[in-house]
Amino acid sequence: MSLSIEEIRQAPKALLHDHLDGGLRPATVIELAAEIGHELPSTDAVELGRWFTESADSGSLERYLETFSHTVAVMQTRESLHRVARECALDLAADGVVYAEVRFAPELHTEGGLSLESIVEAVLAGFDAGCAEATNDGSPIRIGVLLTAMRHAARSMEIAQLVVDYRERGVVGFDIAGAEAGFPPTRHLDAFEFLQRENSRFTIHAGEGFGLPSIWQALQWCGAHRLGHGVRIVDDVSVGEDGIAVLGPLAAYVRDTRVPLELCPTSNLQTGAVTSIKDHPVGLLTDLRFRVTVNTDNRLMSGTSLSREMALLSDAFGYGWEELRWFTINAMKSSFLHFDERLAIIDEVIKPAYAKLIEG
Ligand SMILES: O=c1[nH]cnc2c1ncn2[C@H]1C[C@H](O)[C@@H](CO)O1
Ligand SMILES: [Zn+2]
C-alpha cells in the first residue's frame with residue numbers, strides 16, 4: 001500500500017535541492033509584481049500557478065528555465081528577497097521538512113542596484129525570520145543556503161568568494177545552474193579550485209539536460225561533492241536479460257564513493273529527462289543502493305512539495321516508511337552541515353520519528 005501526501009507530511013524530511021526563485025507562492029508573485037508594475041501571464045493565483053506548471057512542462061530544460069523570468073523579476077529588492085525567503089522557510093516547515101538546503105543565484109538579483117552582499121544578507125535574514133516563526137509554531141526547521149553561479153555567465157569566482165565570506169553565517173555551499181548543454185562545468189574550474197583550497201563544499205547541476213560527459217567533468221575535473229540531479233548516471237548502467245546490472249567505470253565510481261544524487265523526479269519529467277515517474281531511474285538507482293536523495297527542484301514550476309515527490313515514488317515503486325527513512329537519512333548524511341549537526345538531526349529528530357511510524 002502506498003503512502004499518501006498527508007501521511008508523508010507528518011514525517012520529518014530533509015531536502016538538498018530546492019531553488020528559492022523556483023518556490024514562490026503564486027499569490028506572492030502577484031503581489032510583488034503589482035508593486036513594481038511587472039506584467040504577469042495572469043493575476044489570479046490559481047491560474048498563475050497553473051501557468052507556471054504548464055509552461056514548465058515543456059520537455060526542454062531551456063524552455064523550463066524561461067519561466068524564471070517572472071519570479072526573478074519580482075525579487076530585486078531587499079524586502080522582496082526577505083519575504084520570499086521567509087515564506088519559503090514557512091512552506092517547507094509546513095510540509096514537514098526539518099532540514100533544507102535552498103539555493104539561489106545572487107547575480108540574478110542585482111537589477112535594482114543591490115550589491116551581492118546585501119542580496120545574500122536579505123535572504124539570510126528572511127530565512128532566519130521564517131525558521132524562527134516555524135519553530136515557535138511547533139514545526140522546527142533549519143535551512144542551509146547554497147549560493148549558485150549561472151553556468152552561462154562569468155561571475156562564479158565572485159560567488160565562490162561570497163560562499164567563503166558567509167560560511168559561518170548560514171551559507172553552507174556552492175552550486176552552478178542554468179542550461180547545461182554547451183556550458184560544461186569546467187568553464188568554472190577556477191571557482192571550484194578556489195573553493196577546494198578554502199575547504200568549501202559544492203554541488204554541480206550535472207547529468208540532467210546532458211549526459212555522462214557532464215557528470216564526469218563535474219566529478220573528475222571539478223571535484224563536486226554531490227550531483228544536482230545526476231540522473232543520467234543510469235546511462236552507464238546496463239541491465240542484462242537476467243536482470244543483473246553491470247556498472248560502467250563512472251557509475252561504479254559514483255556508487256563506490258557514495259556520491260549523493262540530488263534526484264528531482266517531477267522536474268525531470270517536465271524537462272524531458274525521463275518519460276514517466278514509473279520509468280524514473282530513481283527505482284533502479286535505489287535498488288542498486290546508490291546514495292539517492294529525493295528533492296523538489298522548483299516547487300512552483302512543478303506544483304510540488306517534498307511530500308508530494310515522495311508520495312509519487314511511494315505510488316510508483318511501493319515505497320513505505322523504510323525507504324522514505326533511507327532517503328531522508330541519505331539526504332542528512334549528504335548535507336553540507338557540519339558532521340555533529342547532521343548527526344544530531346538524524347539521531348534526535350529523524351530516527352525516533354520513523355521508528356514510531358514503522359511500528360505503526
Ligand atoms: O533543474 C535546474 N537545472 C538547471 N538550472 C536550474 C534548475 N532549476 C533552476 N535552475 C536555474 C534557474 C534559476 O534562476 C537559477 C537559480 O536558482 O537556477
Ligand atoms: Zn535545480
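Just so you know, residue 1 is the first one in the sequence shown, and it goes up from there. Remember, it's 1-based here, ligands and their atoms both numbered in the order they're listed. None of these values were measured; they are calculated from a predicted model.
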### Message
Does ligand 1 come near enough to H19 that some N or O of the ligand is less than 3.5 Å from an N or O of the residue?
### Response
yes

### Task
Anything under 30° is parallel, anything over 60° is perpendicular, the rest tilted; go ahead and classify H19 against H205.
tilted

### Task
Take every heavy atom of G22, measure it against each atom of ligand 1, and state whether any distance is under 4.0 Å.
no

### Task
Would you check whether S267 has a nitrogen or oxygen atom less than 3.5 angstrom from a nitrogen or oxygen atom of ligand 1?
no

### Check: H229 N/O within less than 3.5 Å of ligand 1 N/O
yes

### Task
Tell me which protein heavy atom sits closest to atom 14 (O) of ligand 1, plus the residue, atom name and distance to 0.1 Å.
D21 OD2, 2.5 Å

### Query
Relative to the heavy atoms of D297, which atoms of ligand 1 are at a distance of less than 4.0 Å?
1 (O), 2 (C), 8 (N)

### Query
Based purely on interatomic distance, does E208 place a nitrogen or oxygen under 3.5 Å from a nitrogen or oxygen of ligand 1?
yes

### Task
Using a strict cut-off of 4.0 Å, indicate which atoms of ligand 1 neighbour a heavy atom of L61.
3 (N)

### Task
Would you mind listing which atoms of ligand 1 come within a distance below 4.0 Å of any non-hydrogen atom of L108?
14 (O)

### Query
Angle at the Zn ion (ligand 2) between NE2 of H205 and OD1 of D297, to 10°?
170°

### Task
Would you mind reporting whether E79 and E35 have side-chain heavy atoms less than 4.5 Å apart?
no

### Message
At less than 4.0 angstrom from any non-hydrogen atom of N298, what atoms of ligand 1 do you find?
### Response
8 (N), 9 (C)

